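To start, the structure itself, in structure tokens.
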Amino acid sequence: MSTPAQDTEPAHRYTAALANRIEAHWQDRWQADGTFEAPNPAGPMAEPGKVAGRPKTYVLDMFPYPSGIGLHVGHPLGYIATDVYARFKRMTGHNVLHALGYDAFGLPAEQYAVQTGQHPRITTEANIATMRAQLRRLGLAHDQRRSVSTTDPGYYRWTQWIFLQVYNSWYDDKAQRARPIAELEALLAAGERPVPPGVPGVADGGAWPELDELSRRRVVDAHRLAYLSHSPVNWCPGLGTVLANEEVTADGRSDRGNFPVFKRDLRQWMMRITSYAPRLLSDLDRLDWPDSIKLQQRNWIGRSEGARVLFRTDAGPLEVFTTRPDTLFGATFMVVAPEHPMLGQLASGAWETDVPTAWTGGAATPRDAVEGYRRATEMRSDLERQSEGRDKTGVFTGAYATNPVTGEVIPVFVADYVLMGYGTGAIMAVPGQDDRDWEFAKRFGLPVIRTVAPPADFDEASGAFTGDGPAINSRNESLDLDGRDVAEAKARTIDWLEARGTGQRTVTYKLRDWLFSRQRYWGEPFPVVYDEHDLPIGLPDAMLPVELPEVDDYSPRTFAEDDNTSEPEPPLARKEDWVSVTLDLGDGPKAYRRETNTMPQWAGSCWYELRYLDPTNTERFVDADVERYWTGPQGEDQVGGVDLYVGGAEHAVLHLLYARFWHKVLFDLGHVSSSEPFHRLFNQGMIQAYAYTDPRGSYVPADEVVEEVVDGQPTYTWQDVPVTREYGKMGKSLKNMVTPDDMCATYGADTFRLYEMSMGPLDVSRPWETRAVVGSQRFLQRLWRNVVDEETGLARVVDAAPDEATRRLLHRTIDTVRADLDGLRANTAIARLTELNNHVVKAGVMHREVAAAMVLMVAPLAPHLAEELWSRLGHDTTVTWTTFPVADPALLVVDQVTAVVQVAGKVRDRLEVSPSISEDELRVLALASEAVRRALEGRAVRTVIVRAPRLVNIVPA
RNA sequence: GCCCGGGUGGCGGAACCGGCAGACGCAGAGGGCUUAAACCCCUCGGCCGAAAGGCGUGCGGGUUCGAAUCCCGCCCCGGGCACCA
């Protein structure tokens, strides 16, 4: 065991030590030669000669976050897959752009920095350096010149610039696109657009010429795609920041940290992503994305067709949204959300005499009841609201409304099962046809009118009937729905409402505007200041970047996780000498206060794929020609965008939705030529791992666990103690972490790459198994030994032409490997290459022609080894730009195939036949088979199915 | 509850449009080389059975000359959404 390997091993065996030497050598060489630098058509990276005549391919990995913990073997899976694909594309004549940068702002960097006591910039830079080194060791063919970091002022300057583009635009619903804000001002001034009602601080009904300067600014601000909103937002005291809807889990906790989240009225920055809901939805059809991701985005955007209907009340018209206008005759009460703006007016009267106490909640007046309910709702976290079960709560407002089709007077309630953020924040309740309304009606003793006839076997006591059926009880003097199905009844009702001006057909989306500010230090500062009126002003481009200032205390102000009375405190607000600033914004030096919130982590990743294209440009975020070349519209569908985007499915509705939104704004404003950022998306699966716990529930080192089969059952022990196996994530605390560094040291980077690619299809999750890695190493060792003499280190290939069988196998392999690599199926490509390699081992001779082709085919997978073998075969050029082998069609034609002979669908014989054999010939041969005669056992033949030349199926009587 | 995926040897997986189930690899068994071991090379290997043969792609049905593959109904696992009117 202690015998040094060198004593017994041949001097030139492909061991981990040799692999590591080869790998270091070629990595240095690639770096010195700039082998993977992709030429641009224009700008500082322009090399028009290299661009011409080559199709382009843009291969992108999801922007990694440089974690302080380091990588485990699961992290590089996607990077290796894109590297294999990118290398293959280079070898088939493409100009390939493949780069990797760092998404380095955000909560984890800040938390890690707080733990280590170092400034986030220092920790972040150290983490990036560590990750670069880890990834460099894998031989990833990235264009290093294009590696950007979101935390670099040269990068976030443009993130701020894009923010200002969004800020300085509005959405023209008629044109269905964003336009510069100056065009809105012109339209307002010309009277071509009315001043909308409801702008805070502006009296309704005023025309533009009558408005003062401040009111005009407020009106314009109310149209911006990035705007300040004073509205209920997700406030997370445990994190000390507000969060976007996408960052809050279904049970009302923060996605990160798992702290409770409260709805609080706060002034925060929002982005008007809702304007883009129709296009974000419909453009999904043009994308080559996994159906599951498209579906998740569709569900998140949540389009619903229905109608808005006005109900008359003493406090004025109360508007509801419903997807079931056909059930209007069954609306026996109404419910408004606790945050509804009309609530105060609705609850202004006194109780009538016979109102049940269940309705009043015991309050003396409707105002008390509603106010108490509203406050109780506010004090509860979303989590509490949900965990209190689905038991409906609410109080009567004391107000009544008139059902527009029946003329009936119905009570109006307030209840938290109606959400202010969706529809109009008010509903008509139809207990007969809606489960939630049914529950509420049962609890408060409200009447139920069925307007859709349920099937005969329907249990009337069981609740609402939400299915389709003929309408009943739905008739007045001018509208008769009875007998109509749901679709027909909906249409007729809407027509009736529209004719009377009490309702209209409409489409509603679940998507909410994007809460864009965070109370964090480690993020992009907003390029915004406030004037003496506390109105925001976007800074001019010339003042960018607004650099993140150095501060003494960058830690977030967090609170007890259930402390919902506290106020968010942005760390930057503590730096008073930075916050107060004197600027000349065109009207002389004046005092301003800076915005102290920072942007969410998603900001930097919303456009990084564009910066890779032109990372050093100081004039524009990306040069127009460069952008058009790499991501411009092309092909029949004219979509454009990144050709292949690989990453995990966890970003389905976060990054992927935000990035699409920003990209569309940039497209509308003419800054990019494609309407979508990512044309093709591929989700790689996760590499998971087994973890083991001892009887006390503590994790034990997974690599020290012994597996034995006892009585046919696998058992696991650690230091003779039985342990329990579980399957899940890989992590330090689970004591099952395996790192790429471990694998490179033990086997070499090429073996590691090959193993990750051979484990299975890229999109499937699977368990990591270190002991299986040796299989990939054996393959590379055999390939090495087939080409190189282990004693001398010299190539041992023969120049003679290979035999016919070998050559045919080679070309069949070339044909399938090409197709497999192009289709991201490296696992099956490797299987075919292994077969060919094993064939050469068995033949005992490696012909130069075969060796060259094999080395080139292996090059995308195991690039260092391929470079070394290519060099030892006498070449002085890199394999990177050498043409991938092409199969000779003549050698793919087989001269003999195996025909299967079945009797009653069971294989009974095999015949070697010509591929051009006729059906009749094959039938005769099959029927003559001795095995067939035996299997027939004297029975007569009823039918013979012949599929020449592969198969015959004989069906006995 | 609703919506997506997915269930194939001891394990990871292959099988492209309905036509040889289990490619390739790991682990295993046997053999060769070796003083010996490792490496390497060869052979075996779904299950039952001595064999002939039978049974086999989560379970139960169906379509078909023929089903891992298509259809219907279940079960289990993974993921997403969830008071969205």
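All of these numbers come straight from a predicted model, not from anything done at the bench. To find a chain, count down the sequence lines: A is the first, B the second, and so on, and within it residues start at 1.
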Among [options], find the nucleotide with the atom closest to the side chain of [X].
X	options	answer
A:Arg947	B:rC26, B:rG54, B:rC65	B:rC65
A:Met759	B:rC40, B:rG19, B:rG12	B:rG12
A:Glu835	B:rA23, B:rC55, B:rA14	B:rA23
A:Ile427	B:rG19, B:rA85, B:rC83	B:rA85
A:Ile945	B:rA85, B:rG25, B:rG19	B:rG19
A:Arg771	B:rC26, B:rG13, B:rA85	B:rC26
A:Ala831	B:rC20, B:rA85, B:rC24	B:rC24
A:Trp300	B:rC65, B:rA85, B:rA82	B:rA82
A:Asn953	B:rG19, B:rU43, B:rA23	B:rG19
A:Val418	B:rA85, B:rG13, B:rC20	B:rA85

Write down the partner of [N] under the Watson-Crick or G-U wobble criteria, each distance required to be under 3.5 Å.
N	result
B:rA38	none
B:rC81	B:rG1
B:rA68	none
B:rG28	B:rC44
B:rU63	none
B:rC16	none

Starting from the 5' end of RNA chain B, give me the residue, A:Val952 or A:Arg766, whose nearest nucleotide shows up first.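 Whichever sits nearer the 5' end wins; that is A:Arg766.
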Map A:Val955 and A:Thr828 onto RNA chain B by nearest heavy atom, then report which one ends up closer to the 5' terminus.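 Its nearest nucleotide lies further toward 5', so the answer is A:Thr828.
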Whole-Å gap separating [atom2] ([N]) and [atom1] ([X]):
X	N	atom1	atom2	answer
A:Arg939	B:rC65	CZ	C1'	14 Å
A:Arg785	B:rC39	CZ	C1'	8 Å
A:Leu951	B:rA21	CG	C1'	14 Å
A:His651	B:rG79	NE2	P	17 Å
A:Asp820	B:rA23	CG	C1'	12 Å
A:Arg13	B:rA38	CZ	C1'	10 Å
A:Gln902	B:rC65	CD	P	13 Å
A:Glu439	B:rG1	CD	C1'	12 Å

Which value, in whole Å, describes the distance between the [atom1] atoms of nucleotides [N] and [M]?
N	M	atom1	result
B:rU57	B:rU8	P	11 Å
B:rG79	B:rC17	C1'	30 Å
B:rA23	B:rA14	C1'	5 Å
B:rG30	B:rG78	C1'	40 Å
B:rG18	B:rC71	P	10 Å

Return yes if a side-chain donor-acceptor contact under 3.5 Å exists between A:Arg725 and A:Tyr716, otherwise no.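 A pair is found: one side chain offers a donor N or O, the other an acceptor, under 3.5 Å apart.
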For B:rG53, measure the glycosidic angle (O4'-C1'-N9-C4 for a purine, O4'-C1'-N1-C2 for a pyrimidine) and name it syn if it falls within 90° of 0, otherwise anti.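 This nucleotide is in anti.
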B:rC74: syn or anti, with syn meaning chi within 90° of zero?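 Base orientation relative to the sugar is anti.
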Would you find a donor on one side and an acceptor on the other, under 3.5 Å apart, between the side chain of [X] and the backbone of [Y]?
X	Y	value
A:Asp434	A:Val430	no
A:Asp909	A:Val932	no
A:Thr746	A:Met743	no
A:Lys263	A:Asn234	no

